[in-house]
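In the text below, chain A, chain B and the rest are named by the order of the sequence lines, each starting its count at 1. Treat the numbers as computed from the prediction; the structure is a model and nothing was measured.
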Amino acid sequence: MSKSKPVLTSSLGKKLIMSLTGLFLCTFLIVHLIGNLQLFKDDAGYAFNNYAYFMTHFTPIKVVSYLLYLSIIVHAVYALILTTKNKAARPVGYNQYDGKANSAWNSRNMGILGTVLLVFIVTHMQNFWYQYKFGSTPYVEYHTELATGNQEIISLDEIPNDYIGYQSLNDGTIETVKSKDLYRQVAVAFKNPLLVGLYLLGMAALAFHLIHGFQSAFQTIGFNHKRYVGIIKWIGIWVFGILIPIAFAAMPLYFYFVK
Amino acid sequence: MSGHMNLTLKVWRQKNINDKGQFVTYQAKDIADDMSFLEMLDVVNEDITRKGEDPIYFDHDCREGICGMCSLVINGRPHGPKYGITTCQLHMRSFHDGQTIVIEPWRAAAFPVLKDLAVDRTSFDRIQQAGGYVNINTGGVPDANTIPIPKRVADEAFESATCIGCGACVAACKNASAMLFVSAKISQFALLPQGQTERYERAQAMVDQMDAEGFGNCTNTGACEAECPKGIKLTNIARMNREYFTAKFFRQEDIHA
Amino acid sequence: MLDSKVPAGPLAEKWSKHKFDMKLVNPANKRKFTIIVVGTGLAGASAAASLAELGYNVKTFCYQDSPRRAHSIAAQGGINAAKNYQNDGDSVFRLFYDTIKGGDYRAREANVYRLAEVSVNIIDQCVAQGVPFAREYGGLLDNRSFGGAQVSRTFYARGQTGQQLLLGAYSALNRQIQKGKVKSYTRHEMLDLVKIDGEARGIITRDMVTGKIESHEGHAVLLCTGGYGNVFFLSTNAMGCNVTAAWRAHKRGAYFANPCYTQIHPTCIPVTGDHQSKLTLMSESLRNDGRVWVPKTIELAEKLRKGEIKPKDIKEDDRDYFLERKYPSFGNLVPRDVASRNAKEMVDEGRGVGKTGVAVFLDFAEAINRLGKDVVEAKYGNLFDMYYQITDENPYEQPMRIYPAVHYTMGGVWVDYNLMTTVPGLYCLGEANFSDHGANRLGASALMQGLSDGYFVIPYTVGDYLAKIGNFKPVDKNHPAFEETRKEVENKINQLLALKGSKTVDDIHKKLGHIMWEYCGMARTAEGLTKAKGLIQDLRKEFWSDACVLGENEEMNMSLEKAGRVADFLELGELMVDDALNRNESCGGHFRLESQTEEGEAKRDDENYTYVAAWEYKGDNQPEVLHKEELVFENVKLTQRSYK
């Protein structure tokens, strides 16, 4: 058996990497969505900003997030490698190719959908992640009277010079939270119709990518059992193909139209 | 009597493996709808021959859908517009008068065009040679009823074994992947007790050979399953993947020699 | 008188004794021998794999692009074996007896007994290879009764038994190719046999892709090239099936035996028009539940043909279930030749159905009522689908139309008990030889014979020959015989390429087919056969003067491939007619109108024709010389077949 090629150089090995990184990214989407739902809270971003701080500073989460970035890169790089090989497998194409007769459009265009997603992810990270970590974000202070729950909010367009990082102080009567205001960053960004458009496009691409991708990942790792294949396809379509992209898409729309 | 029609054919003509090739247009006149597609080509070829020109070369043999020799991508579909049949089982009643039909060979790096519509599919043979068998010699085998095989398992193995090796899966796949073909044979032996001895070596050897031949990678579009004249299922590919990964991750270390 | 080399001794011990008596080749010496196997169907693939396993070097040749595509793959019904798994009284002797009787006492007892004897090993071998035979719920192998057999001894894999068996043999072959013991040449056609000092030592082939004429040398040559049914143009054979390899061997000295024995299969889909390129067989298992009928009157038949009425408009009383009427005990399950001939009779009387009037009905209405549509679908679904696909008629709703078609050729190259032809070192296996089926083949016996020859007979008998020649030196590639034969092949190709007449090769082939079907088909007369002989001779002249062969040799040349094959069919056709003319009796698939009982049934003439007619080629345009092998029956009593 030792004669056989190493697993990762084989076609199936490369597909396995696509599958596992893809499924990992899918699980991330759920976490990301649950967190981002805080955007819909009408609390001037109190919960969301706290969440944003937690996500960027809690060590285990940080480790996972680096894994996540790596997964995105690996998923994209292997997609490129596989696509190149696939193109080479048919050097002369057909004059006529009736793909719709035998397969779904999205399944044949995972590369295009993935490219759209990659553009989206880069833009998305530049808009928020990069700005939040290294760029300029607005600043916010929440002063909450613990007895009454009354809250005073001080919003500044720029971060004050004495800001030494996120602080949550509690003197027994008032809780003071000083934070970068990612919430307002989001709210401002989603007033830009072009950006909203891009996000909607990104989510549409996500939907079609995952309707095929989720169940495809299971097929690739060899899990195609007739008892479970139905539920996997159902989750792929309804959870990852419809529910999650719609929920994400609702965020820019919410800020554009409601806020 | 049955209906007759006139058709325009755009056929890929290529003198030999080194020729660049191009489409040539032919008129097929007075075609009966109960002709098979290949009989229609016979008629066109007889016309071409009478004109002293080189007839269109296409592979065909049994003409009853079992030998797997016939091929042809017809209007963008391997084995033509109907599902579950080979080109030789396609009848002209599936077309209409005045229609233009584009006829191309299978397109894949691993299936070079030999002439016109005929391609070289020996890559499929080489994959089978890599491990598509049980390692037993003639004679000296146990009685056929020694090992009972549950009917459902035998039936499933049969379903996988009905592959005719035509290559429509490769032709249909946007990636020119041969995984349906390879997985059908791996499945047959993975299911049957007779195939167990070299089960995991077989999966590795056949996948390696498939890669070496230059076939593309499956992206699970399902085009192969849809176009397969014998209805070989995608579950075979999942089974192949399972066999391969099991071999690689869990079985290889069992033997320490 | 031909010597069949049948060993002496009691029937049941002949093969065992012979196996012991045969010489063996030392294991270390086997690799010094090369064996050429032409054709990769059941016989060829199984022989090549088995011989390579023993250690011989093997070269295989097939005209298809892969060994897996040989026409054995199309066999539907099943394979017989005397396993007696069903406890219904089967035995080796019963299978032997049925085969001899089915062959109308025109087969060699010892060969048939050996066939029945090794049949049980075939099933074991195939199962061990992973052939997915049909099974019962208990997990054991299922059997069915087939072709009118009184016991259930047929093993099957749905309607694709031939495919599964061939893929099994192909897998064994692949294993040897991988090991380097077999070199496989695909898209190669054998065009001649090379003899050195009277023994077969090689072949000349044409690479069908490059046109290269190649010489291949070997210590023995095995012809496993199938039958010659395509002499009729329309048959259930694959388009490429041809007699060329066998015929060229015949012209090099191999006698050709019983060429007139052709099997016409009753359940085929009828011809629709001149464009028809081949006929499609439907498994004869259909006759287990289908009822064959035509309208009682010509008037009703005419109305049907014109489409004025539909089959279901014909009342039960107006239907003639002619097989049930004439053969009450066997009914629709009479042997193939009887069913075929009766269908032809109905059509000749003007009671045929379908637009062309050349068909009879096979009706499942009664079966659907009795068993339910689901059961019928489970049993025959794939056949019904196939019928629907081809005819666009739904057999669940209206009766199928069927008509006989040429299906199998029992005749072929004469071989002795060792499967050796009259050319030493040249063997012939499977359908290509004449040996085991006599004048008529039982259903599910062809697969059995191909595999028996390949897996279990030839590995022993070739060894005996090689041990006796005892010459471990490689065959001399530079022997002038190779060059001479190659030249002859090239000359023939050039002759063909020089033909620039007005008829296409198919035109000629179709004409030949018509002649053969008309005069040498289901019923033959001396007058018709004599006429046919003249017609074929004229046609041959027409071919060599007015056929048109295009292109050049150094390319893939369909026109040239066909021309070479048709040229040989033209010669074979004449021999078939001669043989049919010589055999003035009705037996098996050969029905002479001059020789029938008062009831119109076949009448055998055991006194004068209990022999194998083996024909020796004597040169172009010379009459072939008849040699007789007397058939001696020590273990069965000759009886007239009766299916009343």
Legend entry - Options Ala104(A), Pro6(A), Pro91(A), ranked by heavy-atom pairs under 4.5 Å with chain B, top entry: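 The candidate making the most pairs under 4.5 Å is Pro91(A).
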Inset, instruction - Could you check which of Val92(A), Asn106(A), Ile221(A), Asn95(A) has the highest count of heavy-atom pairs closer than 4.5 Å to chain B? - result: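 Among the listed options, the one with the most contacts to chain B is Asn95(A).
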Keeping the roles fixed (side chain from [X], backbone from [Y]), state whether a donor-acceptor pair exists under 3.5 Å.
X	Y	value
Arg90(A)	Ala171(B)	yes
Tyr94(A)	Glu104(B)	no
Lys174(B)	Gly99(A)	no
Asn241(B)	Gln219(A)	yes
Asn220(B)	Ser216(A)	yes
Asn175(B)	Asn86(A)	no

Is it the case that atom [atom1] in [X] sees more than 12 heavy atoms from other parts of the structure closer than 6.0 Å?
X	atom1	answer
Arg93(B)	CZ	yes
Trp238(A)	CH2	no
Tyr132(A)	OH	yes
Lys41(A)	NZ	no
Lys151(B)	NZ	yes

Just so I know, are the side chains of [X] and [Y] near enough to count as touching, which here means a heavy-atom distance under 4.5 Å?
X	Y	result
Arg77(B)	Tyr97(A)	no
Phe249(B)	Leu16(A)	yes
Ser4(A)	Lys248(B)	yes
Thr219(B)	Arg108(A)	no
Met240(B)	Leu12(A)	yes
Gln204(B)	Ser10(A)	no

Inset, instruction - Would you mind telling me which of Phe215(B), Phe23(B), Phe111(B) has the largest number of heavy-atom pairs within less than 4.5 Å of chain A? - result: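 With the most close heavy-atom pairs to chain A, the winner is Phe23(B).
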Legend entry - Partner chain A: residue of Cys224(B), Gly214(B), Ala172(B), Pro78(B) with the largest heavy-atom pair count (under 4.5 Å):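 It is Ala172(B).
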Kindly give the heavy-atom pair with the smallest separation between [X] and [Y], and that separation in Å.
X	Y	value
Tyr83(B)	Asn102(A)	OH-N, 4.5 Å
Ala176(B)	Ala89(A)	CB-O, 3.5 Å
Ala109(B)	Ala88(A)	CB-O, 3.5 Å
Lys5(A)	Asp211(B)	NZ-CB, 3.7 Å
Gln96(A)	Val102(B)	NE2-CG2, 3.5 Å

Side chain from CB out, backbone as N, CA, C, O: work out which of these in [X] comes under 4.5 Å of a heavy atom of chain A, or both, or neither.
X	value
Pro105(B)	backbone
Cys173(B)	backbone
Leu234(B)	both

Inset, instruction - Working to the nearest 0.5 Å, report the span between CG of Asp98(A) and CD1 of Ile74(B). - result: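 Taking CG in Asp98(A) and CD1 in Ile74(B), the distance rounds to 12.5 Å.
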Legend entry - OG1 on Thr220(A) to CZ on Arg242(B), rounded to 0.5 Å: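 Between atom CZ of Arg242(B) and atom OG1 of Thr220(A) there are 12.5 Å.
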Inset, instruction - Give the C-alpha distance, both sets of side-chain angles, the deciding distance and a yes or no for side chain to side chain contact (heavy atoms under 4.5 Å, CB included) between Lys14(A) and Asn217(B). - result: CA-CA 9 Å; Lys14(A) 294 193 196 87; Asn217(B) 304 281; 5.7 Å; no
Legend entry - Residues in residues 113-132 of chain B near chain A [non-hydrogen atoms, under 4.5 Å]: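 Heavy-atom contacts from residues 113-132 of chain B to chain A are absent.
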